[in-house]
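Structure, as structure tokens:
Each chain gets a letter, A, B and so on, in the order its sequence line appears, and its residues count up from 1.
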Amino acid sequence: MHETREALDAQAQEILKENEGRELKAKDRIQIPVQSMPSQDPVVRITNMHEVALGYTEAQVRAEALRCLQCKNKPCISGCPVGIDIPAFIAKTAEGKFAEAAAIIKESSLLPSICGRVCPQESQCQLPCTVGKSLKDVDCSVSIGRIERFVADWARENNQEVIPTVAPETGKRVAVVGSGPAGISAAADLRRAGHQVVMFEALHKAGGVLVYGIPEFRLPKTIVEHELKTLLDMGVEIRRNFLVGKTRTLKELMEKDGFDAVFVGSGAGLPRFLNIEGENYVGVFSANEYLTRSNLMKAYDRDHSRTPIYNSHRVAVFGGGNVAMDAARTAKRLGAEEVTIVYRRTEAEMPARKEEVGHAKEEGINFLLLHAPLAIVADEKGRVNGVKLITCELGEPDASGRRRPVEIPGSEKIYDFDTVIVAIGNDSNPLIHATTEGLEVNKWGNFIVNEETLETSIKGVYAGGDIVLGAATVILAMGQGRKAAKAMNEYLATL
Amino acid sequence: MNTILSKEQLSAEVFRMEIEAPEIAQARKPGQFIILQMGGDFDERIPLTIADASVERGSITLIFQAVGESTHRLALLEVGDSIANLLGPLGTPTDIRHYGKVVCIGGGIGVAPLYPIVEGMKKAGNDVTVIIGARTKDLLILEEDMRAIADRLIVVTDDGSYGRKALVTEPLKELCESEKIDCVVAIGPPVMMKFVARTTAEYNIHTIVSLNSIMIDGTGMCGGCRVIVDGKTKFACVHGPEFDGHLVDWDNLLLRLSTYHDTEDEAHHRCHIGLHIKEGEA
């Protein structure tokens, strides 16, 4: 049953009335129920691109903040890739001092409105939360991400954000390749240290995966634009339409253009395909293509966008990650009657966030689990009209620790679909590696870096995010951006 | 940035624009392309092959046919205007080297990207025969430019309104019969390239083609431009756009190019209305 924001707010008001102004013991705090995230009614939201999660109300955020036990050992901080002082900002939130809470977060994270929305908190800060542990359910942990989002949104909407201070100019120049989460966080920390920072972006809009990959209904683009504006206000220069490796090589940036150091955060490049029969028929798309058309090129707005997007009725999405969920939910919003996630393991093994899977289910996305694609079939015009799937069962755990799907012979069957979206990850983009002599990569093409400094095999060149990690998350990329920037600032100080 | 330095109408639908783009001019090599985007939130990204460039002037030259909504709007820009977004050079350059006897074939608008390749092949010391073709005389472009650099030039039109009435494959076949050709480069409509490749296959002549599959980012990220070459999936934007014509799965390319036909027909109609240009005029 869908609960409205008003109803959830009323419940929170009750909780505040009962609990505020009295001394709360740990036992009292644990008894306060988790505040649900208000969201658009599924029936309505599948007809629009607006954000699904509406954000806590003030009463809700304060009620949720009261659940925090302010543990002495602060286990949540160790779960945060950028080490935000979580108990401190939650304490300020409980007191209603949202500007102060926001300032605490900003000390460690430049992008709280984004991270509050897209971080997998359940496997990071909320995983070791004492409240969740004592209730024996990670879903009952303090909703750190939701609180973070509220505080960050509040600061932005009320013009209470602190623009990070920039140290006096050092005269050193740094190039940041890519304007996604890794690049943004690296650029911010490098600029804060007083270096001149130029960020290079290949596309016509900055933001990387935040702009081309994550849909509007999960991360409104105005928020990304706002965060990028903070960088500009700090004095970072953003050069769009510039592909390092093509417009200029990395070596040219260092040798001719006078950059003293380079951070490469170019992201995950080439979409992977399954290499099954029929994968190049009309109606088969990589999730990157489908999402880029919809998000970056705004093809979801069919009346205005000049970039077309395929007219689909029955869509199969291969994969079980967040990108698969994004693609499936986008297809639903674009008018497909039936959208099915096809995944060869079970829901327990799905890499997608539980929340995303939940949202997808609420929106009527079907889940065809324990099925693996064998071939894509098409009509006489080469347009997809079906997918041949085989049923699997779970066998022994594989290298990833997840139980391996084993195909059951003879269980093949053709299912009726007119569109296939392949969301099984990316291989790294070869452009920079191919044009940079001496740059070492592993067998997947990911840059090999020093684990402490994130320096590559070339002196002065550092890397982080998906180009190093393979397909990972926004927050891990941000964490790497910060880590590299720290080492780069030390390196630049020696020049 | 990206200011239009000169503009010229080459035929009813074809325009030449010289655009200030010093970095691209410096880095580009024959066979490479750019992607442009007109700047609005809803504008598409259009790949166009670089027809020429000048490092001294810091400019690149684009030759394009006003076929869709966006290229029509591009054609409406004037000298002094600038193009909001221009990315390049993209793709792998043409494999230019000393082959010996080279035949370069351009069909329709494909003559434009062929020009720097002819230039490069000449510089590498090849004997270069150029065949250019169009549906009809009015659609023929760059005849004089090509005549100035090629060792010999053969002009054909489908309807015989100018030059020889033939398809490009006819003089090609005659050349293959009469002399030993070491390399053929063909750029034009996919059907033309398909038949050029079929013609040269009989004589086992190395044939380079430039594929114009549907593309968004042009950097390898979307995979929309994938083509089948030698049975393997390749991305035209990073592995190409040039491939061995004998190994290309032409039927699949033609199929994939038809992905948005319904939508494009509709957009083509709409754009003429929006721009107050009568259909058929531009």
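- To the nearest 0.5 Å, the span separating OG1 on B:Thr233 from CG on A:Leu270 amounts to 12.0 Å.
- Proximity to chain A is limited to the backbone of B:Leu86, based on heavy atoms less than 4.5 angstrom apart.
- Here the closest non-hydrogen pair linking A:Phe273 and B:Gly223 is CZ-O, 4.4 Å.
- Taking non-hydrogen atoms and a 4.5 Å limit, the residue list of residues 275-289 of chain A in contact with chain B, ordered by number, reads A:Glu279, A:Asn280, A:Tyr281, A:Val282, A:Val284, A:Phe285, A:Ser286, A:Asn288, A:Glu289.
- Note that CD1 of A:Ile309 is 6.5 Å distant from OH of B:Tyr260, once rounded to the nearest 0.5 Å.
- Using a 4.5 Å cut-off between heavy atoms, A:Arg239 contacts chain B through its side chain alone, with no backbone atom that close.
- Ranked by heavy-atom pairs under 4.5 Å with chain A, the first of B:Glu44, B:Glu23, B:Arg226 is B:Arg226.
- Listed by sequence position, A:Asn429, A:Leu431 are the residues of residues 423-437 of chain A in contact with chain B, using a 4.5 angstrom heavy-atom cutoff.
- Across B:Leu90, B:Asp43, B:Asn85, the residue that shares the most heavy-atom pairs under 4.5 angstrom with chain A is B:Asn85.
- Counting only heavy atoms from C-beta outward, the side chains of B:Arg45 and A:Leu203 approach each other to under 4.5 Å.
- A distance of 8.0 Å separates CD1 of B:Ile216 from CG of A:Leu296, quoted to the nearest 0.5 Å.
- The stretch residues 247-256 of chain A places A:Thr247, A:Arg248 near chain B, each with some heavy atom under 4.5 Å from a heavy atom of that chain.
- The structure places CD of B:Gln37 at 7.5 Å from NZ of A:Lys205, a figure rounded to the nearest 0.5 Å.
- Interface remark: B:Arg28 contributes no atoms to any contact with chain A (heavy atom separation under 4.5 Å).
- Between B:Gln32 and A:Lys246, some side-chain heavy-atom pair lies under the 4.5 Å cut-off.
- When heavy atoms are compared at a cutoff of 4.5 Å, B:Met1 approaches chain A solely by way of its side chain, counted from C-beta outward.
- For residues 46-55 of chain B, heavy-atom neighbours of chain A at less than 4.5 Å comprise no residues at all.
- When the candidates A:Arg293, A:Met297, A:Lys298, A:Lys381 are compared by the number of heavy-atom contacts under 4.5 Å with chain B, A:Arg293 comes out ahead.
- Side chain of A:Arg383 to backbone of B:Thr259: a donor-acceptor contact under 3.5 angstrom is found.
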